[in-house]
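It should be emphasised that the depicted structure is a prediction, and the values quoted were computed from it without experimental measurement.
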Amino acid sequence: MSGKRLRSLPLPGALSRVLILLLVLASLAVVRALPGLRGEPVQAASPVTLSVSGMSATISNGLFTIKFNSSGTGYSLVWQGKELIGPAKGFYSSINGGTGFSPTQLTVVTNTSSLVDIAYISSWGELHYVVRSGVSGLYSYFLATGIGTVGEFRTLYRVDGSIFRTGYNGVETAIAFPTLSQIQSATVLQDSTYQLSDGTIYTKYDAATYLMSQDLLHGVYGNGYGVWLISPSHEYNNGGPLKQDLTVHVDSSNGDAVVLNMLISAHFGTPEVAIPNGKLFGPWFVYFNNGSISDAQAQAALQQQQWPYSWLSNPAYPLSRATVTGTLRLADGRPAAGAQITLAQPGGDVYAQGAGYIFTTVADSAGNFTLRQVRPGSYSLYAWANGGSIGDITDQYELDNVNVTGTSTSLGTLTWTPVRYSTLLWQIGTADRKAAEFRLGNLPRQYGLWNQVPANLTYTIGSSTPANNWYYAQTAVGTWNVNFSVSQSYSGDAHLTVALAGMTRTAAVTLRVNGTAIGSYPAYTNDAAIYRSANQSGSYHLMVFTFPASLLKIGTNTLAFAMTSVSGGGGAMYDTVKLEVGPQVTGGGTTSTPTPTPTPTPTARPTATATPTPTATAGSACHVSYSVSSQWPGGFTASITLTNSGTTTVNGWTLTFVFSAGQTVTQGWNATFSQQGSQVSASSLSYNAVLAPGTSTTLGFNGTWTTTNPAPASFALNGQSCALS
């Protein structure tokens with residue numbers, strides 16, 4: 001679809017960032033001088049008053065008055081004498097796109113002159129509204145008691161669209177809203193996406209952002225008024241640091257200006273979430289001001305400083321929290337510079353999580369990391385590359401059984417041992433789970449961007465560049481050729497790693513090396529990223545295609561990415577592509593050496609009882625390579641490469657094997673490990689569950705041994721025996 005995008009005013013360059021900083025500093029000075037604006041009570045502030053009639057409530061603090069009806073909906077907001085909700089739908093909550101919150105009870109939790117906390121209670125849980133004396137805004141939080149499994153859970157703040165004509169999402173400062181009449185006369189392109197009569201395109205998806213890194217503040221403003229959502233923490237959201245979601249838009253049916261608070265959602269490929277009873281979402285802060293962005297930014301910074309809020313006393317909201325520190329280094333000696341470090345629940349795929357709490361940060365240039373305000377509990381620590389000096393690493397690090405207690409938890413120095421092979425022939429892009437370094441990947445979100453991608457291209461290693469010659473996504477039927485030179489012949493296997501930043505709709509891609517097919521992309525679940533304006537990521541997928549290195553020839557070679565079919569607005573979004581040859585030089589997975597425990601010194605491996613290697617049977621649908629990459633007294637690290645050698649795609653797998661000498665698995669990665677006696681099971685994670693014919697995945701574990709450490713004699717994939725090498 002051609003057409004102009006309804007553009008906003010993006011944040012400008014370095015000079016303007018300096019001006020914005022000066023504005024923020026000036027606003028901070030004003031806010032410090034006016035405690036009521038910075039979210040703290042003033043001595044002369046009016047008391048908070050509460051009036052309740054049945055299940056209706058009115059709360060006022062002299063700065064604003066808000067009224068709630070028996071459905072728990074805020075239907076009137078008067079700020080400094082101006083009605084801001086008016087004909088709009090107001091403040092409310094919903095699940096799965098439409099089912100509304102239906103309370104059966106209104107409870108007054110706190111009613112003092114300095115703070116009022118009321119809770120509307122339904123079968124889902126408790127939706128709280130909090131007003132403090134002298135504070136120009138409304139706090140809210142939700143305690144789940146029975147909401148169950150949801151694809152979407154949100155609160156909405158819908159205000160008068162005739163007042164609030166512009167949106168802000170933390171990335172773009174002036175998102176212009178079309179009028180209701182413009183939308184009603186527009187051509188509908190897809191859900192919530194319209195081509196206006198002048199050719200410009202408006203869609204709410206252009207205003208999406210990455211929650212944990214970009215969404216401290218978003219809101220709507222206009223005519224001297226502003227309503228802003230401030231989220232000092234996103235610990236309760238699903239999806240982790242790569243989660244994107246909606247922020248602001250104008251409603252196409254009535255023209256309401258909408259501020260969204262997406263607590264849980266399946267947008268951009270995250271799955272449904274089973275919300276456990278007792279989980280607390282929030283608090284978040286809905287701030288009211290005169291429409292000043294710089295004042296709202298200053299307010300957001302101050303609210304973040306106050307987190308966790310001392311005024312909230314609830315067993316599900318611990319005020320005593322910990323700082324978690326550590327240092328992550330690669331086994332080859334490199335610091336894990338810039339790595340994304342995340343605390344979440346066990347299970348391998350942070351993007352699929354949402355039942356628990358998630359905390360994330362970025363390591364510094366030395367691999368040091370600090371996670372602040374972490375709730376006490378048991379977590380797994382995950383890490384993946386964010387490009388830079390470790391941008392060749394596509395594996396994920398995982399350390400289980402991280403127990404966070406007290407005020408500080410030190411994990412010491414951790415060692416990350418990713419899968420690598422002796423020779424890296426070339427790499428396109430950098431491993432960071434995003435497509436930002438590729439052509440069109442650094443542009444603002446915009447509908448129809450995929451139409452600018454050529455169906456056919458040639459990328460020449462050594463002269464082409466990711467920014468100019470490789471696009472963020474392959475979106476049309478055609479062939480992308482990678483030409484490269486090889487100066488010598490290779491024996492054994494070659495390994496092509498394709499890391500997808502997303503996969504939208506159905507895109508069939510076959511890979512060929514010098515005309516020989518080596519594999520195809522599986523039919524991954526649609527993440528809706530490309531046609532919903534995302535141009536950096538959706539749902540991440542990692543594939544390794546292993547093929548005979550003899551397919552490579554001295555001189556010029558061609559690797560073809562042949563897309564034979566793709567649905568409109570769909571395609572494969574790329575993170576990085578790399579080609580390696582030679583033997584594995586470091587084991588798969590991770591090892592951890594927390595201080596003060598000394599790092600085990602590897603010793604000569606004891607002679608193990610010979611274990612016969614099973615003979616591959618004709619028609620084996622899987623192939624397993626098992627190796628012990630390091631061993632020391634009482635412990636070892638093992639790597640397993642599982643290859644689908646059959647002719648059909650495997651969608652979800654469990655690999656089983658038996659230890660014969662009493663070994664035990666203590667920690668695993670790239671699979672969920674369990675052990676009953678000598679029987680070990682390793683089950684797939686969401687990002688490696690699909691194995692197309694010819695593709696491989698690598699998993700690994702740390703274990704213990706006593707007298708000997710023989711390799712397992714056999715492996716079975718989903719109950720069928722695998723060939724061994």
Taking side chain to side chain contact (heavy atoms under 4.5 Å, CB included) as the criterion, tell me which of I175, T247, V171 meets it with H218.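 Only one of I175, T247, V171 forms a side chain to side chain contact (heavy atoms under 4.5 Å, CB included) with H218, namely T247.
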From the list I461, V482, L496, side chain to side chain contact (heavy atoms under 4.5 Å, CB included) partner of L579 resolves to L496
Closest non-hydrogen atom pair, [X] against [Y]:
X: A383; Y: I341; answer: CB-CD1, 3.7 Å
X: Y574; Y: A435; answer: O-CB, 3.1 Å
X: V220; Y: V159; answer: CG2-CG2, 3.9 Å
X: A501; Y: Q536; answer: CB-O, 3.5 Å
X: G387; Y: T430; answer: CA-OG1, 3.2 Å
X: A300; Y: L217; answer: CB-CB, 4.1 Å

Are [X] and [Y] close enough that their ring centers fall under 6.0 Å?
X: F142; Y: F153; result: yes
X: W480; Y: Y459; result: no
X: F438; Y: Y471; result: no

Among Y221, F164, F288, W284, which residue satisfies the ring pair (Phe, Tyr, Trp, His ring centres under 6.0 Å) criterion with W228? Y221
Using only atom types and a distance under 3.5 Å, with no angle test, would you say the side chain of [X] pairs donor to acceptor with the backbone of [Y]?
X: E152; Y: G97; value: yes
X: N688; Y: N670; value: yes
X: N289; Y: S292; value: yes
X: Q353; Y: G347; value: no
X: K578; Y: D392; value: yes
X: N261; Y: T155; value: no
X: Q190; Y: Y531; value: yes
X: Q446; Y: I201; value: no
X: K243; Y: S265; value: yes
X: T504; Y: N526; value: no

No-hydrogen, no-angle side-chain donor-acceptor test under 3.5 Å, [X] and [Y]:
X: S533; Y: D206; value: yes
X: Y139; Y: Q303; value: yes
X: S252; Y: Y194; value: yes

Hey, does Y202 have a side-chain heavy atom less than 4.5 Å from the side chain of Y447?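 Side-chain contact under 4.5 Å: no.
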Could you walk me through whether Q373 and Q304 pass side chain to side chain contact (heavy atoms under 4.5 Å, CB included), step by step? CA-CA 11 Å; Q373 304 295 352; Q304 194 172 46; over 6 Å; no
Give the intermediate values and the outcome of side chain to side chain contact (heavy atoms under 4.5 Å, CB included) for residues Y521 and L511. CA-CA 8 Å; Y521 294 174; L511 303 173; 4.1 Å; yes
Mutual orientation of the aromatic rings belonging to H234 and Y236 [parallel < 30°, tilted 30-60°, perpendicular > 60°]: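 H234 and Y236: tilted rings.
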Option from K89, H249, R158 for which side-chain hydrogen bond (donor to acceptor under 3.5 Å, both in side chains) with D256 holds: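 One option only clears the test, and that one is R158.
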Ring of Y210, cation from R445 - is the NZ or CZ under 6.0 Å from the centre and inside 45° of the axis?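 Because its charged atom sits under 6.0 Å from the ring centre and within 45° of the axis, R445 does stack over Y210.
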What do the steps show when you test L242 against Q340 for side chain to side chain contact (heavy atoms under 4.5 Å, CB included), and what is the final call? CA-CA 10 Å; L242 289 172; Q340 192 74 46; over 6 Å; no
Residue pairs, two or more places apart or on separate chains, that pass salt bridge (Lys or Arg N to Asp or Glu O under 4.0 Å) and touch residues 523-539: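 Sorted pair list: D191-R532.
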